[in-house]
Number of protein chains: 2
Amino acid sequence: MTGDASRTALARDTGLTPGAITRAVRPLLEVGLLHETGDRAPAEGTLGRPATVVTVQAEAHLVIGVKVTADELFGVLCDLRCRVLDEVTVPVRDHRPEAIVEQITDLVAGLRAGHPEVGSIGLAVSGDVDAASGHVAYSPFLTWRDVPLGEQVAERTGLATTVENDVRALLTGERWYGVGRGLSSLALVTVGTGIGCALLVNGQVVHGSFGVAGEVGHVLVDPDGPLCHCGNRGCVEAIAGTAGILERMAQAGFGGLGIGDVADLARSGQPDAVRVLADAGRAVGTGIATIANLLGAQHIVITGEAIGSSPAPDDRGEGRPAGDERDYDVMDPHVRRAFEQRAFGSAASAAIELRPLRFVDWARGAAACAVEDFVTHYGRS
Amino acid sequence: MTGDASRTALARDTGLTPGAITRAVRPLLEVGLLHETGDRAPAEGTLGRPATVVTVQAEAHLVIGVKVTADELFGVLCDLRCRVLDEVTVPVRDHRPEAIVEQITDLVAGLRAGHPEVGSIGLAVSGDVDAASGHVAYSPFLTWRDVPLGEQVAERTGLATTVENDVRALLTGERWYGVGRGLSSLALVTVGTGIGCALLVNGQVVHGSFGVAGEVGHVLVDPDGPLCHCGNRGCVEAIAGTAGILERMAQAGFGGLGIGDVADLARSGQPDAVRVLADAGRAVGTGIATIANLLGAQHIVITGEAIGSSPAPDDRGEGRPAGDERDYDVMDPHVRRAFEQRAFGSAASAAIELRPLRFVDWARGAAACAVEDFVTHYGRS
DNA sequence: CGCCTTTCTTTGTCGCTGTCAATTAAGTCG
DNA sequence: CGACTTAATTGACAGCGACAAAGAAAGGCG
């Protein structure tokens, strides 16, 4: 799955005959998408002819991924293995579609300079995205409705362009290049300002019949809970989203705090902060258990601003930079306890994993969508 | 999708060339699985050569479906279109695996008599079923663990045998032969003793990584709600399952009632019954909204003992037979209101449909699984 | 050292599917 | 009747993959 394997191993993994592999591999070697490493495979000690390892020539085709928000554009240049070769951030001046298309075009031109191998673009946008047509049906943050973003960027750049919802793009990245490798059932939950989610079921990303899916943020946790922006009470997001947490702290007399301050207060034992973040953790855990119960998810990845961006959270609670938005570490035990309590039967076997998230990861997800498209459409049209 | 179509129509629907259809259809005509009706297709008024309609010869291959419970076996004889040709019910004397296999063998022999076209069997069992291997991993009601039911029945009867979880079997029947025809996203919710659910996502039935999926009965509705047998409080099933409803009525001083009595009381305006069933309806509606929010289900079918078995509920509330278990009609407005309230954005576009359910439908679902297996495996081995 | 065994890889042959582009079939309409 | 229209069939061909035999590249061993 990493792209390094002997032909025999490929035959075994794919269920095809060695002969079929030879024939499938040859043209790809010729165009340079694969190449043989000098390595002789399973090292020493074995009899017989040593296997020659073939691997993807990751630099043969480069892609650009862009995460589009109303404030900034995050762009990355990736190779076929979705390794980030270059990255750039651009503030958004004007978030009308034409202006964004213009800025994306410039950003792409910049990343593309000196890299003629760039062949496709992936764009990640929050909201209701129709990946098939490349249209952004509705994006609240950008205040867009039915924008043919894919077509426009493809026309301006001359590159094949894929558009996808941002969380689903992140899931795609994780599924092919992250912890989700080889899994056919995966849920990716983002915890931060909002509580988002993208789902992989039976090896396929769930898009939802009406463009809506994975709305774990609006799972009910407490009918007497705080009011959510969706109009209901007690949604996961109303309890565990940043705004909800700050609101409840303000009600307890702690106005004007940042989420990092709340986490710090909780770490130092302040009862209101401890209670509010415990409630938030239970809400997230309940949402995750609901996913596990309904879908039988094999693996659940939690990520988002609340997790932070460095691999291991600093457990000492000191030396943390000002404005740090991490609060998940405080919530985590409550998340897990609520999950274990509410997961039904063997649904509790789902593995929960934390994954720090940097902003480039969103862009990398977009790039992963572009790679996926390139790989699946290769050879056609 | 009903099996009646001209070759041209098939070509359009499948995306294949007319020529490919001709070649695909011919051998099936020869073995008698398809046949040409004399009809000339799109009736009058059109130019050109009239199309000849081909249709499945439903009687060419018959299947037997059996729903296995700890009390009774329900068996049906179906044709390839899953129309029920014969049905039989047998009380279960002894629910140990060997005894059940024995009874299934007898039941099959009875339905099979005089029908040499019978070629496969479908078995529907509640609990954790591994459809791939035909093993019943765990069935609480039958108190079975890891029973190789498929193998045993296949050996005894000499017929290809498919085993599936009962609710998923019902979904399969609905998906191919019921309201779900042509849909790629469907949720089937059963309301009665328990609250069950099976899900179709991206055209595939969700089995869950650990054999658990669709547990909408254990979605949280109210953290202060009644205790559920799963150990938590306020699950949908604890509030809207038959046992939960009766329990709450008993707490209000109405002990010893049946579910039909509760419904009748509610219809006559008795406040406790009205409240208890309204709570139940809201719980079901919340569960359904959760499915819609997470999966973007296109269509939701509600069925189960609570719906009753005749096509249209008798609205006058009189002349109902004693012991009628229908209570859903009282719950329905609350279900819909809760659904509309909690469905997020366009997830509310999901169509909700009621479907009366007779016990033979369960068996027919099992038959549908057998037909599905026959169709997909036809031509191999 | 040369031959044997083992394992990986390639290649020739074949069948299956499905496309493409005629060709044939069966109607309607003027 | 002949032009037109749509349906169905057919032959030629291409792609994919199975199967089996052959070739290649090692190590072991007499």
Side-chain angles (χ1 to χ4, degrees), chain A residues 1-57 60-61 203 372-381, chain B residues 1-57 60-61 203 372-381:
Chain A
M1 275 293 169
T2 55
D4 279 38
S6 70
R7 290 177 174 78
T8 323
L10 289 171
R12 180 173 24 80
D13 294 350
T14 58
L16 296 176
T17 335
I21 298 295
T22 293
R23 276 186 254 259
V25 159
R26 192 181 356 242
L28 297 174
L29 284 171
E30 279 165 12
V31 256
L33 281 170
L34 297 179
H35 72 112
E36 299 188 337
T37 67
D39 297 359
R40 310 267 115 180
E44 324 299 318
T46 55
L47 256 44
R49 173 177 173 175
T52 56
V53 173
V54 300
T55 185
V56 308
Q57 180 68 34
H61 182 100
E372 186 181 40
D373 251 38
F374 172 71
V375 171
T376 57
H377 293 350
Y378 182 77
R380 290 169 221 175
S381 79
Chain B
M1 273 293 168
T2 55
D4 280 37
S6 68
R7 291 177 174 78
T8 322
L10 289 171
R12 182 172 22 80
D13 294 352
T14 58
L16 295 177
T17 327
I21 298 296
T22 293
R23 277 186 252 258
V25 160
R26 190 177 2 236
L28 296 174
L29 284 171
E30 280 165 11
V31 261
L33 281 170
L34 296 179
H35 73 113
E36 300 187 338
T37 68
D39 298 357
R40 310 264 114 179
E44 324 297 319
T46 55
L47 256 44
R49 172 176 173 176
T52 56
V53 173
V54 301
T55 184
V56 308
Q57 180 68 35
H61 182 99
E372 186 181 38
D373 252 38
F374 172 72
V375 170
T376 56
H377 292 141
Y378 181 77
R380 291 170 219 172
S381 80

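These figures come from a predicted structure and were not determined experimentally. For the numbers below, each heavy atom of this structure counts, side chains included, while hydrogens, waters and symmetry mates do not. Chain A is the first sequence line, chain B the second, and so forth, proteins listed ahead of strands; every chain is numbered from 1.
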Whole-Å distance between [N] [atom2] and [X] [atom1]?
X	N	atom1	atom2	value
Leu29(B)	dA8(D)	CG	C1'	12 Å
Ile21(B)	dC20(C)	CD1	P	14 Å
Arg12(A)	dT9(C)	CZ	P	12 Å
Glu36(B)	dT9(D)	CD	P	7 Å
Leu10(A)	dG17(D)	CG	C1'	16 Å
Leu28(B)	dA8(D)	CG	C1'	17 Å
Arg7(B)	dA26(C)	CZ	P	12 Å

Report summary line: By nearest-nucleotide position on DNA chain C, the 5'-leaning member of Thr22(A) and Pro18(B) is Thr22(A)
Query - 5′-ward residue of the pair Gly48(A)/Ala20(A) relative to DNA chain C - result: Gly48(A)
Requested in this report: Tell me whether the OP1 or OP2 atom of dA8(D) has a side-chain N or O from Thr8(B) closer than 4.0 Å.
Outcome: yes
Query raised in the report: Distance check: side-chain N/O of Arg23(B) vs OP1/OP2 of dT19(C), anything under 4.0 Å?
Result: no
Query raised in the report: Within the modelled atom types, does a donor on one side and an acceptor on the other bring the side chain of Arg49(B) and the base of dA7(D) under 3.5 Å apart?
Result: yes
Report task. Identify which nucleotide among dA18(D), dT28(C), dT7(C) has an atom closest to any side-chain atom of Leu47(A), counting heavy atoms from C-beta outward. Result -> dT7(C)
Query raised in the report: Could you give the distance from CZ (Arg12(B)) to CZ (Arg7(B)), rounded to the nearest 0.5 Å?
Result: 15.0 Å
Show me the donor-acceptor pairs within less than 3.5 Å that the side chains of residues 17-35 of chain B make with the rest of the protein, sequence neighbours left out.
from	atom 1	to	atom 2	distance (Å)
Thr22(B)	OG1	Pro18(B)	O	3.4
His35(B)	NE2	Gln57(B)	OE1	3.2

